[in-house]
Amino acid sequence: MPTRRTFLARTAAAALAIPLGASACTAGTGGAGGVGTRALVFGKTDGGTTFVRNYNMFGPATQRSPNNEMIYEPLVRIDYSDGAKVKPWLARSMEFDESGTTLTVRLRDDVTFSDGRPMTADDVVFSLGIPLKDPAFNTGGTTYDRVAKKDADTVTVHWERPAFSELGQLASPQLPVVPRHIWDGKDLKSWTNPDPVGTGPFTLERFAPQQVTLGARGDYWGGTFALKQLKIIPTSGDSVRAQLLRGDVDWALVAWNGAEQEYVGKDPRHHLYQKYATGGAYSLFFNTARAPFDDVHLRRALAMTIPREDIVTTLQRPGTEAGPTGLVDEIYADQILPEYRHKVQRVDAGAAREELALSGFEVKGGKLVKDGRSYAPKLSFNQDFGWDPYANIMIRSWRKNLGIEVKSAGAPGANLFEQQQIGDFDLTISTTGGAGVAGVYSALSGRAHRPLGEKSATNMGRWKDEATDAAIGELLGTQEPAKTRSAGHALQRIVAEQVPYSPIYNSYWFIAINADHWAGWPTPEDFDYVPFPGLGPDTTLTLLNLKRAAK
């Protein structure tokens, strides 16, 4: 399999582009003169039923165009095949000063935007400066305080405090490099950037609410593609299964119960169903800025009665229950404290009731009552991901073991994300993860704390704790292994004992592929990049190394 070191040199034979009007079901079949090539079709299951033409990644709108990471690129990537390390992408190299507060970024000199203009240090300074202009533009959770041009291909990024472990934020798809000559002067709160120009491997050929067609660039700095078009269609988790089986869709993100028998079993050679560990977990987040979830004993009681085994059984993912730290053993086994390593969290109703008693809350009519006030909690979750049955499993357990009636409050993904950002929830389900231990725990940083009603890019639970900030400061402030390990251990204990959030099950990217038309996909047993479309550079590496399948 080609690696990151060799992909830049890879070339492929040119192929004819398909007609723009071809449907998703027959995408790319046929062409001029009867000779054609097939577009790769991606079935997007988490974007609703129609697409919105908005390629402004910095703007406050929650609805954006799908897979804009194929048009715009970040400075760095997170390599999940190598311990979630941060590695250069548009950057050629990165180096911190001794204090860990100033990062020197040297840029590649062979990158051009799709309009032919070269990417320069001015473009990078402009792009990284957008989140500094207005907190509303900081959708990626950046923490640096200034950025400057050093010379024609060198940029410096400065933090107020040491930031050795904060490079992962430069990999965010919400922090791409954009062309200053187009973006400068635009009102980013209203502009939708309908005709995007980026450094990425694709350009927008056609936009329709039911299908987006992207064309592969012939002048992309990273190499050339065997495929000439990427088509993105909106679908659902249920519908995409039939589309994959028919070959109408080549690629989708779908957690498919029974996939091994229903899909892989029908054609083991071409029907691929893969999972890749993200390094984090799906977790129950508590809104700690809102009573009653500012009480640690109540948080513990609820966490102790999450039936994780029942949830993963329903998901048909046995053995994926999350440990109490939120760190996944597959990636961080050597960094997890021994008492938490491979620990299975089972329902402990007796201990949970003891914690509930310590909280001082009584349960009356299913509500939590204390000091003359009563609370009726709601559990918010992403309906687009089909989370209803798992939410119901948790709700039934809390009713049975604690007597607490929690209301189910599912919402479409975009709406839920906005609720989470402004803190408009009691309990919610979200993922924890990132580049390394610091990336996983960065969501607990006091620097990312915002009052209720203001958008927080990462600290959605509004966690504010001196011991947490001290440990994160230690983790970010040094590169000495002993000190970073000690700080990581302190954060593990905080998550396990103070429960700002409670991990439920380990997070994986579930990817279904029909390789009948395109070959060269990575596998979980042998990969240098994850074939997950939300990881822009990894998607690029995936597509660069695909070739037409032999017939």
Side-chain angles (χ1 to χ4, degrees), residues 1-2 12 15-19 22-31 36-47 51 66-67 70 201-202 210-216 225-276 316-317 385-386 508-527 529-535 538-551:
M1 173 180 292
L16 294 176
I18 73 167
S23 71
C25 294
T26 58
T29 56
T37 184
R38 189 185 194 280
L40 189 147
V41 181
F42 172 62
K44 188 170 180 61
T45 56
D46 61 348
F51 297 140
N67 300 96
M70 291 288 87
F202 287 83
Q210 293 291 335
Q211 180 175 289
V212 173
T213 302
L214 302 179
F225 297 81
L227 67 91
K228 297 306 173 186
Q229 286 185 323
L230 172 65
K231 293 195 171 187
I232 306 161
I233 61 170
T235 185
S236 67
D238 290 333
S239 298
V240 82
R241 299 174 187 180
Q243 292 168 318
L244 283 160
L245 283 163
R246 291 195 304 264
D248 296 341
V249 164
D250 301 293
W251 190 18
L253 308 178
V254 57
W256 187 340
N257 294 339
E260 286 74 15
Q261 295 76 36
E262 298 173 15
Y263 184 61
V264 178
K266 292 184 182 299
D267 186 351
R269 179 184 173 191
H270 296 109
H271 291 182
L272 313 179
Y273 183 65
Q274 306 176 344
K275 71 172 185 176
Y276 297 82
Q316 296 190 9
R317 304 177 196 173
F385 290 167
Y508 295 88
W509 290 299
F510 286 85
I511 299 159
I513 297 163
N514 186 322
D516 188 53
H517 302 104
W518 296 99
W521 299 91
T523 68
E525 297 74 32
D526 183 14
F527 72 100
Y529 41 85
V530 178
F532 176 73
L535 302 174
D538 280 43
T539 311
T540 298
L541 291 169
T542 298
L543 298 181
L544 276 168
N545 288 297
L546 294 183
K547 58 183 181 297
R548 287 298 304 272
K551 296 293 185 181

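Predicted model only: the values in this text are computed from it and were never measured.
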Spell out, as yes or no, whether a donor-acceptor pair under 3.5 Å connects the side chain of [X] to the backbone of [Y].
X	Y	answer
T45	L253	yes
D538	Y529	no
Q274	P522	yes
T213	K231	no

Closest heavy-atom contact between [X] and [Y]?
X	Y	answer
V212	P66	CG2-CG, 3.9 Å
T539	G534	OG1-N, 4.3 Å
P268	L272	O-CD2, 4.2 Å

Report task. May I ask you to check whether F202 and F225 place their ring centres under 6.0 Å from each other? Result ->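 That pair passes the under 6.0 Å test.
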Query raised in the report: Are Y508 and Y276 an aromatic pair by the rule of ring centers under 6.0 Å?
Result: no
Query - Sub-4.5 Å side-chain heavy-atom contact between I511 and V530 - result: yes
Query raised in the report: Quick one: are L245 and K266 in side-chain contact, heavy atoms under 4.5 Å?
Result: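 L245 vs K266: side chains touch.
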Spacing of [atom1] belonging to [X] relative to [atom2] belonging to [Y], to within rounding of 0.5 Å:
X	Y	atom1	atom2	answer
L40	I513	CG	CD1	9.5 Å
L244	H270	CG	NE2	14.0 Å
L214	M70	CG	CE	8.5 Å

Query raised in the report: Between L227 and L543, is a side chain to side chain contact (heavy atoms under 4.5 Å, CB included) present by the stated rule, with each step listed?
Result: CA-CA 8 Å; L227 67 91; L543 298 181; 4.0 Å; yes
Requested in this report: Using the test side-chain hydrogen bond (donor to acceptor under 3.5 Å, both in side chains), find all partners of Y273 that sit at least two apart in sequence or belong to another chain.
Outcome: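 With neighbours one apart ignored, the set is empty.
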Query raised in the report: Taking only residues two or more places apart in sequence, or in another chain, which ones meet T542 in a side-chain hydrogen bond (donor to acceptor under 3.5 Å, both in side chains)?
Result: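 So T542 forms no side-chain hydrogen bond (donor to acceptor under 3.5 Å, both in side chains) with any residue.
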Query raised in the report: Below 4.0 angstrom, N of the basic side chain to O of the carboxylate: do D46 and K44 qualify?
Result: yes
Report task. Under the salt bridge (charged side-chain N to carboxylate O under 4.0 Å, His left out) rule, collect the residues that match up with D516, sequence neighbours excluded. Result -> K551
**Report entry** Qualifying salt bridge (charged side-chain N to carboxylate O under 4.0 Å, His left out) pairs with a residue from residues 250-265, counting only residues at least two apart or across chains
**Finding:**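 Every pair satisfying salt bridge (charged side-chain N to carboxylate O under 4.0 Å, His left out) with a residue in residues 250-265: R38-D250.
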**Report entry** Contact list for residues 232-254, test ring pair (Phe, Tyr, Trp, His ring centres under 6.0 Å), sequence neighbours left out
**Finding:**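 Qualifying pairs, neighbours excluded: F42-W251, W251-W521.
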Report task. Please identify each residue that fulfils side-chain contact (heavy atoms from CB on, under 4.5 Å) with Q210, with sequence neighbours left out. Result -> T50, P234
Query raised in the report: Between T235 and Q243, does any side-chain donor sit less than 3.5 Å from a side-chain acceptor?
Result: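 A donor-acceptor contact under 3.5 Å links the two side chains.
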Query raised in the report: Can you list the steps and then say if N514 with V249 is a side chain to side chain contact (heavy atoms under 4.5 Å, CB included)?
Result: CA-CA 7 Å; N514 186 322; V249 164; over 6 Å; no
Query raised in the report: In chain order, what residues pass the ring pair (Phe, Tyr, Trp, His ring centres under 6.0 Å) check against W256, with sequence neighbours excluded?
Result: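 With sequence neighbours excluded, W256 shows a ring pair (Phe, Tyr, Trp, His ring centres under 6.0 Å) to Y263, given in chain and number order.
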